[in-house]
Each structure stands twice: as structure tokens, then as C-alpha cells.
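Note on naming: letters A, B, ... go to the chains in the order of the sequence lines (proteins, then strands), and numbering restarts at 1 for each one.
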Amino acid sequence: MPTLRIIAPAIALAALATGAAVAQGREQVQVAGSSTVLPYANIAAEYFGENFDFPTPIIQAGGSSAGLKLFCQGLGETTVDIANSSRPMRESERAVCIENGVTDIIEVRLGYDGIVFASQTDGPDFADFEAAQWYRAMAAELPRDGTLVPNPYTRWSEIDARLPDVPITAFIPGTKHGTREVFEEKVLLHGCEASSALEEIAAIMGGDEDAAEAACMAVRDDGRAVDIDGDYTETLARIEANPDAVGVFGLSFYENNTDKLRVATMGGVVPSTETIASGEYPVSRPLFFYVKGAHIGVIPGLKEFAAFFVHDQVAGPGGPLADYGLVPDPALSDMQARIETEESL
Amino acid sequence: MTDATQDATPRADGSILTADPRTARRNAAERRFRAYGLAAIVAALSMLFLLLVSILSQGLPAFTQTTVELEVALPAETLDPRGERDPDDIAQILTFGYVPLIEAAMERRVADLGVTIEGLEDPAALLSKSAPAQVRNHVLANPEVIGGTYVFRFLATSRVDQFLKNEVTLESAERDSRISVAQLRLAEALREAGALERGFNWGFVTGPDASDQRPEAAGLGVAILGSAYMMLIVLFLALPIGVAASIYLEEFAPQNRFTDVIEVNISNLAAVPSIVFGILGLAIFINFVGLPQSAPIVGGLVLTLMTLPTIIISTRAALKSVPPSIRTAALGVGASKMQTVFHHVLPLAGPGILTGTIIGLAQALGETAPLLLIGMVAFVGEYPDAPPEGFFDPASALPVQIYNWTQRADPAFAERASGAIIVLLVFLAIMNIAAVLLRRRFERRW
């Protein structure tokens, strides 16, 4: 029956098409966003799935901006319920959200992430850094005798005799990473101020503070500062191939690779969850996740997962997230209350 | 005449047995060309060899896993305070409540071992973080074990596992914040006592993915299922559509400008970068049609679009290779055009179509880029249901699972990623070998 042979695939097609039409309500919580928050979200999702009857949430990576974009696409089952972010939501993003009907947004800070400077264990002894040293090593232009000159430093020892006598090579996060912003603001800008270069630049620029700050955060492009657009595993591979280089890592990544990396102090403070929580270690940033209020009660387990994510036993001191390298938020109970009352932005 | 023969200068070097310079040059050129060809093959093979050696040496250890046998006491007062063995009551104790039980069991095991290890702290750090969940699931499924003891086989943490695979050494442990030298000595002692051993790692092939904290528990099960679902969808959509399109174009369609345009576009489609299909999938299947994210159905539809041109091109080639005499003979004995195609041409073209389809599927199996955009690169901790509902459940896929693991911080995931590459290569090799065998077995030459 040749006709049957033609019709059979057509029926299969039609069956699939109707199947597509009757896809029922989503059961899993969908999360997307920052790759820095990703491991913590994975861990929380895993514990959530094994402890409750709700299915394990699905966690997508892709970066803070991409996650918030997905989040703000609108309401409904095909949009994500939670966006992870390694920075607060921008006003422009919020406007897009509201335009698309996402008005109830619960902002939750789950903790802090430290940014550390590490080099190969067998490499030269990078033991202590100051923000000002990093500024001098990384800046595109430095003020000298009343003008801006291209960064003349090629060796760390030229900046400070206490630093090793090796060429400057630093692997820093690329501009698409949220970490880059923290690096620029908390290290470069801070170092710029501390070395009083900010005032000099402002004087050169005729008192334009904003332009001076931008000049402080401009990174040299002569190959001594290398942007890493991939993740920390790429930075680690580059460090392993280059014993004289220094790389920028997240604290949790370093904590998982302490046998290969030696961490340097910043301003004399050793980075650890304790020193970051107390604020002694200067280079850190808050991590957030955003919950779509309109989906609470529609997607099963959404509120429960959000509450579990910041539960004391999960995100608190001694919990699995802190164990992985998250610096617990001292105000965790405020966040728990915020989810409980569904207090939106 | 004879004079002329005598006067004629003989061949440059006289004999045909010794080559003249021109012949020698030609022969040398040929020898050189052969050497280049051989060198090209040796270069290609050595690169393949290097690739395989690096993947196998890194990935094969992923197929074994260290486990620890441990007897855990399950006291009723902590696990079921009300003593009614009500499943809801027992479920109230979360995995965090089981951690002290495992820690106590491990302390006792160390005491029983009768060896003193200097500076040993937190012996339970030898065990995977998945251990409390394993105990809890067992207790929930078998409430009668409460009040007694039970012997569990736990996964060892990735650092201990890597220690047995000589990736972690006592020297590296000195600097390692995740394991101490004393803990590794304890692992050695447990191994001598027979409680710690390395065996085949079924969990790696069948288990779901695990979070960044538990590389030892991470498996490929969900990814293999997701890939299988997508291949099913591709097979059931791309094969009928592709074969129907090529039969029409090859046997029925008139040759005009319109069919020329179609042909050029099919060839173009085959060369479109795969990421473009991902963008299309996101815009149409997810945002417009409203299909779920991270679901094999969307992945399957996107990969169908990508495989379709491959199948159409190979099917048309297979149809073309059937000699016109078959068609004229069938038409001559009174068969209709359609009977000719379905009774005579299509069966003869079958092996070629099959080969093309399998190669198209193999290509789709290894594709990563379009899946990045439709949410398949995700942490998925649970298996999808059986099809057809399972097509709409979240799942991962083999290539994106590899991509996922290479980005994780723990070095044990690098080993897992290479192991997953081996699994993917095995599937690809099986498909390609099947294509070759089918072609050998059924191909007809005229």
C-alpha cells in the first residue's frame, strides 16, 4: 500500500504538532543568569530537589545581563521565574521589565563574592598587593609632570621594589563579565585615588571628575593586561602556562583550586569568607537573584525555592553555599522576610 | 639508410636500462609526490592519535569511581521523634539532619580502624556531599530501618577519587583547602581495610548531573536521554519531510526557474552556520509558538531544520544514481509514475538515503551551538519522562553537558568532560560504522 507509506509520516507529523499544542503547565522553576551565581544556584537547586517533593529547578547560565533580559521578556510559562545577577538590576532593565508587564520583582541579596588575585604556586612570590600597585600596572595612561603619558611600567619591580622582578602580565576578566566592573571600581579607581593620581588627572583635565575617573579605569591595551572573555577555567589554564602571570579569580574558584594557585593579599588582608564578610578585604560584591512575583502561586515551588535559597541552613554560615565559597550575607533574615512578604522593588 | 642509422647519435646514455636525466627527474618527482602524500596521511593520523590519546588518558579514569562502605546508625529519636513512622514526619528531617549521623558513623569507623592519624579532622570529608541524600532516600523508602543500622556504599569525594587515580598527591593536598594530608592517609588506611575501593562507575553513564560541589556524583544519564529524544524527533521529522521533498524535486518537479531557486536555497541552507538555527528556534518555537525552554522538542525541531538539507541532498544523490532504465522499464510495463517511484526507484535508493540520514543524525548529535540559545545549556537534575510527554520536559544533551562541565571550577569536572567526550565519540562511531556497513551490505552498483 504505497498510499499508507506516504500517509504514515504525515500522521506522525500531525501527532507531534498537536502534542506541541497541548503542552501542559510547567512544573519546574526556571532560573537563568550570572555564571558567578550559577554554582550556588546549582547547589541550592540540588538540595531543594532532594529534600522536597517539588522537581529540581532548571538553572541556565549565560551571564547577568542575558539572564535579566530573559527575565524581563514578560510573564508566562515560557519565561524564566528567577534571574541570577552578580550586580543590582539597572534602571533601564527595570523599565524594560515594567514595559513587558513584569512589575512585581522581588530583589534578594544572597551573599557576597570575593575577587582575589592569584598566581602559580611555583611562580614568583606575589604575596602582597596594594590597589595603587594594580592601578599603576594596569592603567592605560599615568599622570607625569602635568601631562598624561602612556603607562611606562613593564616590570612589577619598577612599580614597587618589594614586588618580584618579572614582566607585568595580568589576566583580567573581559568587559562582558560583571567581575570586570568590580575590578575597575574597587581596584583601579580605588588605587587611583589612593595614589593621588585621581587629583592629578582631574587637574590635567581641567577639573572634570567624571572624565578623570574614566581615565583611572581605562586599562592598557599593549598586551600586558589580557582580557579573558571565557570563564575562570580559562584564566587558570593561562596562569598554568605562564608562571610569571597574575590572574583575577572569584574566591570560590580559588577555594576549589588552592593546590594550583597562590593567592595574594590586598592591602595586607588575606581574602577569606570571614575577611570579606567583615569588610576588611576590599574587593567584593553582592550577589542577587530576582524573583518574578506574578509567577508565585503559578509555578509550583517557586516561592519555596526562593525561600530555601536564602535559608540559614543553605546560605548561612556553615551551609553548603558558604562551604563552596559564598560569603554569607549578615542580613539574611531581612531577605527571608522579604520573600515571605513578597515585598517587590 | 644504414649510414643514417650508424650516424644517428645513440640515446643519451645508451641503454634503456639506465635512466636518462629526464626520466630520472620524472621518477624522482613521482617519488617525492608519494612521499608528500604519505607525509600528509601520517600528519593527519598523528593528529587524530594525539587527540584520542589526550581524551582517553584524561577521560578513561571517569569510568571508575571510588566508593566507601560505611555502617550508619539510624537512631529513631533523631529521624522520627514522634515514633509513629509517619512518612510525612520522616520527610520533615532534611538532608542537613542526616549529616551528624554520617559524621558520627565515620568517627566510629576511624576508631574501629585502630590506626592513629596525626592531625585528622573531619573524617567525613572523605565522603561525597551526596551521602546524606542517599541515606535519607533509603530511610524514606524503607522506614523499617529506623532504629537500627544499615551498611551504605557512599561515593568518595572527588579529591579522594583523584588521589587513587594519582591526580591528587600528598604534596598537592598540603596546599589544598578541600582535602588534608591526614584525610588522604585515612583514605589509604580504609583502602587497606577493604572499606574503600575503586569500581566501574555506572553512575557516570546513567546518573543525572550533579552540582558544582559534587563532581563525583555527576552523570550523563539526563544528557544521553535528552540527546536520544532529540535524535528521535529529528529522525521522525527530517526523514519523511526530506525524502518527500527530494522525491518531488527529483522525479516530479518540472525543471524551471522556480525549482532552480529552491535547489540553490537548499544548498545554501546546508551551509548556514548552526547558531543561526538556534536564534530562529528561540524566536519562533519558544517566543512565538510558546514551547518550553530547555525541552528536547525545541532542540529536536531546531536540529531537524539543520539536518533537513543534508538529508535532501543525499537522498537526491541516491535517487539520481538509480539508472533511468529502471524507470523506463517500469513505465513500459504500464506502471504509473508514482508506482514507478515507490515500487522501483525508492527501494533501490534506500541504502543511500539511509546512509545520508545516519550521517545527518550524527552531525546533529554533536551539535552544540543552536542548543545554547534555547536553554539546553542548563543544570538539569532530573530525568525527563518517557516520550511523548518527555519531549516537553527539561533535559540536557551530550555536547552541551561537555561544554557545561568544562566551565566548572572543580578539576574533577575536567575528567568528567573528557569522559563524556568518549561517550559522545562512541555514539558517533557506532552511527558512522552503521552507515558504512549498511552501504556495504545493500548498495547496488550498475
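Heavy atoms closer than 4.5 Å to chain A are found nowhere in S130(B), neither backbone nor side chain. Interface remark: Y232(A) contributes no atoms to any contact with chain B (heavy atom separation under 4.5 Å). Proximity to chain B (any heavy atom under 4.5 Å) is shown, for S35(A), by neither the backbone nor the side chain. Contacts of T258(A) with chain B are made by both backbone and side-chain atoms, with heavy-atom separations under 4.5 Å. Of the two parts of A414(B), neither the backbone nor the side chain holds a non-hydrogen atom closer than 4.5 Å to a non-hydrogen atom of chain A. With a threshold of 4.5 angstrom between heavy atoms, R408(B) approaches chain A through its backbone and through its side chain. When heavy atoms are compared at a cutoff of 4.5 Å, P57(A) approaches chain B solely by way of its backbone atoms N, CA, C and O. If you measure heavy-atom distances from Q30(A) to chain B, the contacts under 4.5 Å come from the side chain alone. Neither the backbone nor the side chain of L261(A) comes within less than 4.5 Å of any heavy atom in chain B.
Taken to the nearest 0.5 Å, the CG atom of D231(A) stands 7.0 Å off from the OG1 atom of T406(B). The OH atom of Y324(A) sits 7.0 Å away from atom CG of D410(B), with the distance rounded to the nearest 0.5 Å. D212(B) contributes atom CG, which lies 8.0 Å from atom CG of N256(A) (distance to the nearest 0.5 angstrom). A distance of 8.0 Å separates OG1 in T78(A) from CD1 in I286(B), rounded to the nearest 0.5 Å.
Q28(A) and P394(B) make their closest contact through NE2-CD, 3.3 Å (heavy atoms, listed as atom of the first residue, atom of the second, distance). The heavy-atom pair separating D323(A) from R178(B) by the smallest distance is O-NH1, 3.0 Å. Scanning both residues, Q213(B) and I43(A), for their nearest heavy atoms gives OE1-CG2, 3.4 Å.
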Item to complete: Could you please spell out the steps behind the salt bridge (Lys or Arg N to Asp or Glu O under 4.0 Å) verdict for K129(B) and E50(A)?
Response: CA-CA 12 Å; K129(B) 295 245 184 323; E50(A) 66 194 20; over 6 Å; no

Item to complete: List the steps and the verdict of side-chain contact (heavy atoms from CB on, under 4.5 Å) for F413(B) and T233(A).
Response: CA-CA 11 Å; F413(B) 276 112; T233(A) 46; over 6 Å; no

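Residues S211(B) and Y47(A) have side chains not in contact (no heavy-atom distance under 4.5 Å, counting atoms from C-beta outward). Between N51(A) and R136(B), the closest side-chain pair of non-hydrogen atoms falls below 4.5 Å. Between N287(B) and Q73(A), the closest side-chain pair of non-hydrogen atoms falls below 4.5 Å. Side-chain contact between I58(A) and F379(B) is absent, with no heavy-atom pair separated by less than 4.5 Å.
Within 6.0 Å of atom CZ in F126(A), more than 12 heavy atoms from other residues, nucleotides or ligands are found, so the atom counts as buried in its surroundings. The local environment of NZ in K260(A) is crowded, with over 12 non-hydrogen atoms from other residues, nucleotides or ligands closer than 6.0 Å. Heavy atoms of other residues, nucleotides or ligands lying less than 6.0 angstrom from CZ of F288(B) number 12 at most.
Residues of residues 300-315 of chain A placed with any heavy atom under 4.5 Å of a heavy atom in chain B are listed by number as F308(A), Q313(A), V314(A).
Between the side chains of E234(A) and Q407(B), no donor-acceptor pair is found at a separation under 3.5 Å.
Looking only at heavy-atom pairs under 4.5 Å with chain A, the residue among P132(B), S294(B), P388(B) that has the most is S294(B). Contact count versus chain A (heavy atoms, under 4.5 Å) is highest, among E174(B), R214(B), Q293(B), for R214(B). Counting heavy-atom pairs closer than 4.5 Å to chain B, the top-ranked of the candidates A61(A), P55(A), G49(A) is P55(A).
A distance-only check finds a donor-acceptor pair linking the side chain of N257(A) to the backbone of A409(B) [under 3.5 Å]. Side-chain N or O atoms of S177(B) include one that pairs as donor or acceptor with a backbone N or O of E255(A) at under 3.5 Å.
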